[in-house]
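Comments concern the structure below.
One is the number of the first residue; the rest follow in order along the sequence. In this text the structure is predicted, and so the values were computed from the model without any measurement.
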Amino acid sequence: YANLQPYFALIKQAPEYTRTPQFAGGSMNFRRKTSETGILKFYGYFNLSDLGLKTWNIDSIIPFKNLFELNNTNIYTNLTYKELFGSKYILTAGVSYSTNVDKINVNRDTIRSQSDLTQGRIMVSRVIGKLSVIRAGIEYQYSYDGFKNVYFKKDVFDTYSAEFLEADIFLSTKLVWRAGLRNEYSTLMNKMKLSPRTSLSYKIGNYSQLSVAYGQFYQKPDRDYLFYPSIPSYNKATHYIANIQRVDDYHTLRVEVYYKKYDNLTLTDTSSKTIALNNNISVPLSANNQVSNAGYGYAQGLDVFWRDKKTIKGVDYWVSYTYLDTKRKWVNYPKEVTPPFAATHTASLVFKKFFTKLNVSSGFTYSYATGRPYYNPTNPDFMSDKTMDFHSLGVNAAYLRQIKGCFAVLAVSVTNVLGSTQIYGYRYSSDLERRYAIMPPAKRFFFIGLFLSFGQDRSKEVIDNNN
């Protein structure tokens, strides 16, 4: 359980909170051997959250603030079973259920949004020779999405099924070919899609591997479009990926290049001249709510990751870098542009040191990203403006202690220690005379927490999440 009221009393926040954020959650898991080769596992969690705040209405002549209040309930459960039959066959089965409910108040409007998903999966694996494996299985999903406010109400149901067949074929002890085929059908889309996927991996020495992969992937349109009078069809992505990695006991190096082609993206009618301007992400949806699958785009880039646990005694550090070149014509974009969530360059450095005698772990994280595009209605060149570069330095420490059967971790962390200005975009008034920057509620966030774990040592998980 967490309640931020004492924290907000000490650290001033930019928004005016009508309900101080508070969170509650819990998780449970168990496993049981059903035979010498069989095992049954369960995992489940729930999260509850509640908050309310007021933000300045940039269009109001007299001082007026917009109200936003959110009450969220999120539950997830998962049950899996695995068994070996004979010496060649392996059965893997699982079922899960999840639900997410949002109760929202926005000024005078009350919104209830709910998503439920029930899933089932069965897979049979057959060992061929000493190393090769062939797998076949089926999946089933039943989903419900509902939206209701004072003006609109709609419930959407979908039954999704899939059959798949894949194989790992060892052409030699160093060369592995994986090939697969997946058939998907959605009653909501009323369409069947066939997706081929394949990859080839070659082992270099004892620690390195070179891989190439190709695959086609389909997904339903974003949830918001499910409530349109005419629901768009599947979005398609085609992936081409190549990577090389080297992993030993103390080092990890991974380099990956990729190209992804997007087809049949959801596109709304851009002919409407009515444009709402209080949206830093993009122009809003067109007035007639007409949608199609005429959108398209691409993404290509480079990912580099390096981790070293040996060079500096007692230190574990890792560095990551990403280069991304992407453009899309989708949602209500009038042309193909870089979307607002994409930064051309991002990098991070994570440094951890453990003092064994003191049972203390300490470290820091530095993150950097070049500016992201945002929508500026005063600039005729759509989405050509960019925010300032992003910088953030965080520090953290943790003290570990075992008290009988209880594992305790006292964690302390501070984000953006240097107080760097962070701007995510801008909101504009309807007359375009004013704008204000979208920024975090406060420049820094301070955290002190005590984590207790009974029966299972989760100290490493807590420390990793605190970085």
Side-chain angles (χ1 to χ4, degrees), residues 45-49 68-78 94-106 109-121 138-164 182-195 216-237 262-270 272 276 279 281-296 328 330-333 339 341:
Y45 69 78
F46 74 92
N47 290 313
L48 309 174
S49 62
F68 177 84
E69 294 178 329
L70 170 65
N71 180 274
N72 172 263
T73 300
N74 183 266
I75 299 172
Y76 174 82
T77 59
N78 182 294
V95 294
S96 70
Y97 171 77
S98 61
T99 182
N100 186 86
V101 180
D102 290 326
K103 299 177 182 178
I104 304 171
N105 292 325
V106 181
D109 192 8
T110 300
I111 301 170
R112 178 185 169 88
S113 177
Q114 180 171 344
S115 295
D116 297 343
L117 179 63
T118 303
Q119 301 182 80
R121 175 186 171 106
I138 57 174
E139 292 183 18
Y140 173 85
Q141 298 180 9
Y142 180 75
S143 63
Y144 161 76
D145 289 279
F147 182 92
K148 177 183 178 182
N149 67 358
V150 295
Y151 309 105
F152 178 83
K153 181 178 185 294
K154 187 173 182 179
D155 298 315
V156 179
F157 300 89
D158 183 33
T159 299
Y160 166 92
S161 59
E163 305 83 34
F164 60 90
R182 183 180 181 88
N183 183 54
E184 302 169 287
Y185 176 75
S186 163
T187 57
L188 190 62
M189 305 292 101
N190 194 27
K191 287 186 178 180
M192 185 176 293
K193 293 295 182 180
L194 197 62
S195 306
Q216 292 182 3
F217 302 85
Y218 293 90
Q219 70 176 35
K220 292 192 292 186
D222 288 345
R223 183 177 183 271
D224 290 349
Y225 298 106
L226 301 181
F227 302 107
Y228 275 53
S230 175
I231 299 175
S233 188
Y234 289 103
N235 301 161
K236 179 184 178 183
Y262 304 116
D263 296 296
N264 304 330
L265 298 183
T266 305
L267 185 67
T268 62
D269 180 17
T270 59
S272 172
N279 192 328
I281 295 179
S282 68
V283 290
L285 300 176
S286 56
N288 54 14
N289 288 345
Q290 296 298 312
V291 293
S292 69
N293 285 98
Y296 53 88
R328 301 183 188 188
W330 67 333
V331 294
N332 46 358
Y333 290 4
F341 53 78

**OP:** Rounded to the nearest 0.5 Å, what's the gap from CD on Gln119 to OH on Tyr140? Could you check?
**Re:** 11.5 Å
Original post:
Ignoring hydrogens and geometry, is there a side-chain-to-backbone donor-acceptor pair from Lys154 to Tyr228 under 3.5 Å?
Top reply: yes
Original post:
Taking the six-membered ring for Trp, are Phe152 and Phe227 parallel (under 30°), tilted (30 to 60°) or perpendicular (over 60°)?
Top reply: perpendicular
Subject >> Closest contact, heavy atoms only, Tyr296 versus Ala294 >> reply: CD2-O, 3.5 Å
**OP:** Identify, with sequence neighbours excluded, every residue that meets ring pair (Phe, Tyr, Trp, His ring centres under 6.0 Å) alongside Phe157.
**Re:** Tyr144
Subject >> Asn190 and Tyr185: side chain donor to acceptor below 3.5 Å >> reply: yes
Subject >> Asn47 and Asn72 side chains, donor-acceptor separation under 3.5 Å >> reply: no
Subject >> Salt-bridge criterion met for Glu139 and Arg182 (N-O under 4.0 Å) >> reply: yes
**OP:** Rounded to the nearest 0.5 Å, what's the gap from CD on Gln219 to NZ on Lys193? Could you check?
**Re:** 13.5 Å
Original post:
What's the shortest heavy-atom distance between Val291 and Pro232, and which atoms?
Top reply: CG2-CD, 3.7 Å
Original post:
Is a side-chain donor-acceptor pair under 3.5 Å present for Ser233 with Asn293?
Top reply: no
**OP:** Before giving the answer on side-chain contact (heavy atoms from CB on, under 4.5 Å), spell out for Asp222 and Thr266 the whole-Å C-alpha distance, their side-chain angles and the decisive distance to 0.1 Å.
**Re:** CA-CA 8 Å; Asp222 288 345; Thr266 305; over 6 Å; no
Subject >> Nearest heavy-atom neighbours spanning Asp158 and Ser186 >> reply: OD1-OG, 2.9 Å
Original post:
Quick one: are Asp102 and Leu70 in side-chain contact, heavy atoms under 4.5 Å?
Top reply: yes
Original post:
Strictly by modelled atom types, are Gln114 and Arg112 linked by a side-chain donor-acceptor pair under 3.5 Å?
Top reply: yes
Original post:
Could you state the interatomic distance from CD (Glu184) to CZ (Phe217), rounded to the nearest 0.5 Å?
Top reply: 10.0 Å
Original post:
Are side-chain N/O atoms of Asn74 and Tyr76 paired as donor and acceptor at under 3.5 Å?
Top reply: no
Original post:
Counting only heavy atoms not in Lys103, do more than 12 fall under 6.0 Å of its NZ?
Top reply: no
Subject >> Arg223 side, atom CZ; Asp145 side, atom CG - distance, nearest 0.5 Å >> reply: 4.5 Å
Subject >> Atom pair CG/OG of Leu226 and Ser143 - distance to nearest 0.5 Å >> reply: 8.0 Å
Original post:
Just how far is it from atom CD of Gln216 to atom CG of Leu194, taken to the nearest 0.5 Å?
Top reply: 8.5 Å
**OP:** Would you check, one step at a time, whether the test side-chain contact (heavy atoms from CB on, under 4.5 Å) holds for Ile75 with Tyr97?
**Re:** CA-CA 8 Å; Ile75 299 172; Tyr97 171 77; 5.5 Å; no
Original post:
Do side-chain atoms of Thr187 reach the backbone of Thr159 as a donor and acceptor pair under 3.5 angstrom?
Top reply: yes
Original post:
Please walk me through it: do Phe46 and Thr99 pass side-chain contact (heavy atoms from CB on, under 4.5 Å)?
Top reply: CA-CA 10 Å; Phe46 74 92; Thr99 182; over 6 Å; no
Subject >> side-chain contact (heavy atoms from CB on, under 4.5 Å) evaluation trace for Ile231 with Tyr225 >> reply: CA-CA 6 Å; Ile231 299 175; Tyr225 298 106; 5.9 Å; no
Original post:
Can any side-chain N or O of Asn235 pair as donor or acceptor with the backbone N or O of Asn264 at less than 3.5 Å?
Top reply: yes
